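Naming: A, B, ... by sequence-line order, numbering from 1 per chain. Note that the structure is predicted; figures quoted are calculated from it, not measured.
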Amino acid sequence: EETLDSVMKKLKEALSRLEHPPSPVTKSLSCTSIKASGTLASCPPGMIATGCSCGFACGSWNVQNENICYCLCPIIDWTVARCCQLRK
Amino acid sequence: EETLDSVMKKLKEALSRLEHPPSPVTKSLSCTSIKASGTLASCPPGMIATGCSCGFACGSWNVQNENICYCLCPIIDWTVARCCQLRK
Amino acid sequence: EETLDSVMKKLKEALSRLEHPPSPVTKSLSCTSIKASGTLASCPPGMIATGCSCGFACGSWNVQNENICYCLCPIIDWTVARCCQLRK
C-alpha cells in the first residue's frame, strides 16, 4: 500500500522531471550518392531517391520503387542515385 | 473543493502518464514522381521539388515556386518533378 | 522545507501542464535553388544537395561534400544546386 510519503517522494521526482523534460530528439535531413555502372542505381534500405544523375550527359531518368534511379537514354555507362532520409 | 483524495487520485494518474509517455510521433521522408507532357510538372500541394527530369536527355531545369519543375531545353516532350515531404 | 501546501500547489500546476502539454514543434522540408556560373554550385550552410541541374542540357553531375553540385560535362556555363533542410 502506497503511503503519503512514498507518493510525495514520487511526486517530487515527477515534478523535477516535468521541470527538466528530456530535450526532444531532433532529426535532420541526411543524403548520400550511390553510383553504379549501367542504367540502374539503388538507394540503401530506408533511404529514398530525391534525384538521379546519368552518364553521357543524359538528363532523362525516372525513379522506380521510390529508391531506384533508372537512366532512360539509349547509351548509359553509369547512374548515380541521390538518396536521402531523416536521421537523428 | 478538491479533497486530498481527489488530488492523490489525479496525482497517481499523472505519475503513470509520466512513466509511460505517449511515444513521440516519428516522421519520415516521403517522395513521389509527377510526370506531365510539355516543359512543366507540378508537385501536389504540400510537397516540394527536390529534383527534375526532362525528355530528350535534357539536364537543364529549374524549380519555380519551390514546387514546379521547368525543363529549359528547346525541345521537351515531357517533364518529371521529383516531389518530397515529411509524413507520419 | 516544502510544506504539504507548497507541494500541493506545485502538483496542481504540474497536473495542468500535463493536461495541456505544449504542442510538439513540427518541422517541414524546405528547399531552395542556388545558381552559379561555371561547373560548381554550393548549398548554404546547414542545407544539403538533393539534386543538381546543369547548363548545355548536361545531365551528368555529382555531389561533393554533400552540399556542392559539380556538373561533369566538358562545356558548362552554369550549375544549379537544389538544396534542402528541415525547418520549423
Side-chain angles (χ1 to χ4, degrees), chain A residues 4-5 7-21 23-36 39 41 43 47-63 69-73 75-88, chain C residues 2-4 6-19 21-31 33 43 46-76 80-88:
Chain A
L4 183 61
D5 274 349
V7 171
M8 280 300 154
K9 198 167 152 286
K10 264 194 187 172
L11 162 68
K12 283 192 177 169
E13 279 157 28
L15 288 179
S16 78
R17 240 178 299 159
L18 257 176
E19 262 126 33
H20 318 286
S23 54
V25 171
T26 48
K27 286 197 172 179
S28 61
L29 186 63
S30 148
C31 301
T32 188
S33 294
I34 303 293
K35 184 170 186 178
T39 61
C43 291
M47 297 191 92
I48 198 163
T50 58
C52 310
S53 172
C54 310
F56 283 97
C58 171
S60 302
W61 48 264
N62 66 32
V63 174
C69 277
Y70 177 33
C71 289
L72 302 170
C73 301
I75 306 171
I76 294 289
D77 48 352
W78 56 261
T79 300
V80 159
R82 188 65 183 155
C83 310
C84 297
Q85 67 182 338
L86 299 194
R87 228 179 35 180
K88 280 169 199 150
Chain C
E2 293 252 25
T3 65
L4 184 62
S6 71
V7 172
M8 280 301 155
K9 196 166 155 290
K10 264 194 190 173
L11 160 68
K12 284 191 179 170
E13 278 158 27
L15 288 180
S16 77
R17 241 180 298 160
L18 258 177
E19 263 126 37
S23 53
V25 171
T26 48
K27 285 196 173 181
S28 61
L29 185 64
S30 149
C31 301
S33 294
C43 292
M47 297 191 91
I48 198 163
T50 57
C52 311
S53 172
C54 311
F56 283 97
C58 171
S60 301
W61 48 264
N62 66 30
V63 173
Q64 299 175 343
N65 199 23
E66 300 312 333
N67 64 350
I68 302 171
C69 278
Y70 178 32
C71 289
L72 302 169
C73 301
I75 305 169
I76 295 287
V80 159
R82 189 65 183 154
C83 309
C84 296
Q85 67 182 340
L86 300 193
R87 227 179 34 179
K88 279 170 200 151

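Per-residue counts of heavy-atom pairs under 4.5 Å with chain A were compared for C:Leu86, C:Leu29, C:Leu72; the largest is that of C:Leu86. Heavy-atom pairs under 4.5 Å with chain A peak, among C:Thr50, C:Asn62, C:Val63, at C:Thr50. Counting heavy-atom pairs under 4.5 Å between each of A:Ser60, A:Cys31, A:Ser28 and chain C puts A:Cys31 at the top.
When side chains are defined from C-beta on, A:Thr79 does not count as touching A:Tyr70, because their heavy atoms never get closer than 4.5 Å. At a threshold of 4.5 Å between non-hydrogen side-chain atoms, the residues C:Cys58 and C:Ile76 count as touching.
Taking OG1 of A:Thr39 as the start and CD1 of A:Ile75 as the end, the distance is 13.0 Å to the nearest 0.5 Å.
Only the backbone of A:Cys52 comes within contact range of chain C, with at least one heavy atom under 4.5 Å from a heavy atom of that chain. Using a 4.5 Å cut-off between heavy atoms, A:Ser30 contacts chain C through its backbone alone, with no side-chain atom that close. For C:Gln85, the part sitting under 4.5 Å from any heavy atom of chain A is the backbone (N, CA, C, O) and nothing else. The contact between A:Trp78 and chain C is made entirely by side chain atoms (from C-beta outward), counting heavy-atom distances below 4.5 Å. Residue contact with chain A, scored on non-hydrogen atoms closer than 4.5 Å, involves the backbone and the side chain of C:Cys84 alike.
A donor atom on one side chain and an acceptor atom on the other are found under 3.5 Å apart for A:Ser33 and A:Arg82.
For the cysteine pair A:Cys54 and A:Cys71, the distance separating the two SG atoms is below 2.5 Å.
Here the closest non-hydrogen pair linking A:Cys69 and A:Gly51 is SG-O, 3.5 Å.
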